[in-house]
K.L.:
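First the structure, which I've put down as structure tokens, then a few questions once you've had a look.
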2 protein chains.
Amino acid sequence: MGTRERRQREVAEREQLFLDAARSLIREDGLLNLQMSRVAEKCDYAVGTLYQHFVSKEDLLVALASDQAQERVDLFVRVYRAKASTRDRMLGFAVADIVYARRRPEHFRLLQFVFTDVIWGATPPARRQACMEAHAPLRQAALDLIDEAIGAGDLDPRGLTPSEICLAPWAMSTGLHAIVHNEGLVEQHQFAEPYRLMLRYINDLLNGLGWKPWTDSTDAAALDALAERLCKEVLHESYCA
Amino acid sequence: MGTRERRQREVAEREQLFLDAARSLIREDGLLNLQMSRVAEKCDYAVGTLYQHFVSKEDLLVALASDQAQERVDLFVRVYRAKASTRDRMLGFAVADIVYARRRPEHFRLLQFVFTDVIWGATPPARRQACMEAHAPLRQAALDLIDEAIGAGDLDPRGLTPSEICLAPWAMSTGLHAIVHNEGLVEQHQFAEPYRLMLRYINDLLNGLGWKPWTDSTDAAALDALAERLCKEVLHESYCA
DNA sequence: GCGAATTTTGAATTCAATTCATGAAATGAT
DNA sequence: ATCATTTCATGAATTGAATTCAAAATTCGC
């Protein structure tokens, strides 16, 4: 009978409603001021109902991070499938992140917060697992591309596993997002265009890793053009938003 | 009269007492379980007294992060002053961080947490300022070294400012610390020796940035030897602890 | 030693997260 | 359709930790 399924769907819809409400409240008042009762109120449900979906505030935050991951994954997959060299596509992942960071400025701040051990450690294992799984395709896309590059002879792993190679740009972009999304750090040091720098650094890193073809990092125009092209053709979005 | 100064010193000592107590409680029970009343209790003071030093829990955490920075700064300064090529010293900063991360495993987790905008945003401006200043020498050491390298012809900035060059390894190491110090990420992907990888990535990055002399990243033994040497001679610490 | 000023104290307050007794709605057997 | 049963939604009440603040203790200047 379809009754159970309908109910299941309604519950899923309500969960999405809560997540959207939380996201919108975070945009308005910041993560700092998010209150569970406000989330419930905004959806015209009692707090108890909210707690049937998320056993704690941490649970809600991690669920939200997982939910938002899908959109980022979609961008990564499009880059992975793009018609371009392995190297351009690797850089393209960074471009995808730049686009995504602009579209959802709160996302990386949320990610940074939930991956803090204070929050992560207070989150139920099942939810953590789901969050890891929601993000896994990002890594997988990078790993697949690395495999492809090795297979095509574009990249000599020189003793590293694909997973280890993947870690390098991952760390670089994680670190940059963390630095950029922190008021106080940027405002103090005033990096003109941190994300433009990110592309250059990753390009340098890929050169250092020996990913062919070697590409001149000095040629900012060429990097911009590549980013531009990927944004337009692959992500259907303008680069300088 | 020395009365005021004595009192001032007593207050400073007590502040240190609180910070040490907080650090020790965090080591025992984790950041998640830190309670202001416990910190006060552990020092045999009333909570109110604790609140004369730190206006909020966030304030205490940021103060703790600032306090711990000094030790890390000392390591950086020793590396900066070491007798070694500019390039070896740049890598040496990473070695210093590795040593420091081993000595104070909680430090990077705390840093990651306090630089979260939830915590940072709830911290009084004066304390934030102090925290930035406590960390500034790390950056300064790197900047000085970069200037020296450019001056000595070891490094062609190729259009980047020293500050921008500095950002690259900074982001890389920030990102790696964040990934490494997060249970769940490492445990899942099982990177054998993440910090050994860090040296290699930074080495690759320096190659990519064109920092001379070009150094073979494949030669793990050479990197280990350098790390070993720096640990022993400069940091007076064994590398494989 | 004495009153004013400063500091310390910890019980009381606050405030958001979380629980749970209650009643409402859905289900399903008769 | 009716009633017993289970399941679900509710929001007032509870909890627990951060924070406050009036009273007590201490220090200071004379």
Side-chain angles (χ1 to χ4, degrees), chain A residues 1-19 21-22 25-26 28-64 113-114 118-124 127, chain B residues 1-15 17-19 21-22 25-26 28-64 113-114 116 118-124 127:
Chain A
M1 54 187 52
T3 318
R4 169 163 298 175
E5 285 144 27
R6 174 173 52 78
R7 167 118 201 98
Q8 218 170 332
R9 183 161 36 77
E10 279 169 3
V11 167
E13 272 165 20
R14 193 170 58 187
E15 184 145 326
Q16 195 58 54
L17 190 66
F18 282 138
L19 290 174
L25 285 173
I26 288 172
E28 284 166 34
D29 307 332
L31 195 47
L32 177 60
N33 302 306
L34 185 73
Q35 283 175 223
M36 294 299 270
S37 57
R38 293 261 184 79
V39 175
E41 195 182 17
K42 179 150 190 170
C43 302
D44 292 315
Y45 278 103
V47 265
T49 308
L50 179 56
Y51 274 88
Q52 290 203 312
H53 292 261
F54 311 103
V55 304
S56 66
K57 189 175 178 176
E58 288 79 14
D59 195 26
L60 168 65
L61 291 178
V62 175
L64 183 56
F113 190 54
V114 303
V118 173
I119 303 302
W120 193 253
T123 302
R127 185 71 72 182
Chain B
M1 54 188 54
T3 319
R4 169 164 297 174
E5 285 146 27
R6 176 172 52 77
R7 166 119 200 97
Q8 219 170 331
R9 183 160 37 77
E10 278 170 4
V11 167
E13 272 166 20
R14 193 171 60 189
E15 184 145 325
L17 190 66
F18 283 138
L19 291 174
L25 284 172
I26 289 172
E28 284 166 34
D29 307 332
L31 196 46
L32 177 60
N33 301 305
L34 185 72
Q35 284 175 225
M36 294 300 268
S37 57
R38 294 260 185 80
V39 175
E41 194 181 19
K42 179 150 190 170
C43 302
D44 292 315
Y45 279 103
V47 266
T49 308
L50 180 57
Y51 274 88
Q52 291 203 311
H53 291 261
F54 312 103
V55 304
S56 68
K57 190 176 180 176
E58 288 80 14
D59 194 26
L60 168 65
L61 291 178
V62 175
L64 184 56
F113 190 54
V114 303
T116 268
V118 173
I119 302 302
W120 193 253
T123 302
R127 183 71 71 183

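Order of the sequence lines sets the chain letters (A, B, ...), proteins ahead of strands, with each chain counted from 1.
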K.L.:
Between B:T116 and A:V118, is any pair of side-chain heavy atoms under 4.5 Å apart?
P.N.:
no
K.L.:
Once you round it to whole Å, what is the distance between P of C:dA11 and OH of B:Y51?
P.N.:
16 Å
K.L.:
For B:L17 and C:dT8, give me the distance from atom CG to atom P, rounded to whole Å.
P.N.:
13 Å
K.L.:
Extract all donor-acceptor atom pairs below 3.5 Å that involve side chains of residues 34-46 of chain B and protein atoms in other chains or at least two apart in sequence.
P.N.:
{"from": "B:K42", "atom 1": "NZ", "to": "B:S24", "atom 2": "OG", "distance (Å)": "2.7"}
{"from": "B:K42", "atom 1": "NZ", "to": "B:E28", "atom 2": "OE2", "distance (Å)": "3.4"}

K.L.:
When you match B:H53 and A:S56 each to their closest nucleotide on DNA chain C, which lands nearer the 5' end?
P.N.:
B:H53
K.L.:
Using whole Å, report how far CZ of A:F54 lies from P of C:dT19.
P.N.:
15 Å
K.L.:
Without decimals, in angstroms, what is the distance between A:K57 NZ and D:dA17 P?
P.N.:
16 Å
K.L.:
For B:S56, which residues count as a side-chain hydrogen bond (donor to acceptor under 3.5 Å, both in side chains) partner, sequence neighbours excluded?
P.N.:
B:E58
K.L.:
Report the distance from atom CG of A:L60 to atom C1' of C:dT18, rounded to the nearest whole Å.
P.N.:
14 Å
K.L.:
Looking at B:F54 and B:D59, what are the two nearest heavy atoms and their distance?
P.N.:
CA-OD2, 3.2 Å
K.L.:
Just so I know, are the side chains of A:V55 and A:R127 near enough to count as touching, which here means a heavy-atom distance under 4.5 Å?
P.N.:
no
K.L.:
Any non-hydrogen side-chain atom of B:V11 less than 4.5 Å from a side-chain atom of B:Q8?
P.N.:
no
K.L.:
Going by number, which of residues 33-50 of chain A have a non-hydrogen atom under 4.0 Å from DNA chain D?
P.N.:
A:Y45, A:A46, A:V47, A:G48, A:T49
K.L.:
Taking only residues two or more places apart in sequence, or in another chain, which ones meet A:E10 in a side-chain hydrogen bond (donor to acceptor under 3.5 Å, both in side chains)?
P.N.:
A:R6
K.L.:
For nucleotides 4-7 of chain C, list the nitrogen or oxygen atoms of the protein found under 3.5 Å from its nitrogen or oxygen atoms, one pair per line.
P.N.:
{"from": "C:dT7", "atom 1": "O3'", "to": "B:R7", "atom 2": "NH2", "distance (Å)": "3.1"}

K.L.:
With a 4.5 Å heavy-atom cut-off, do A:L31 and A:L61 have their side chains touching?
P.N.:
yes
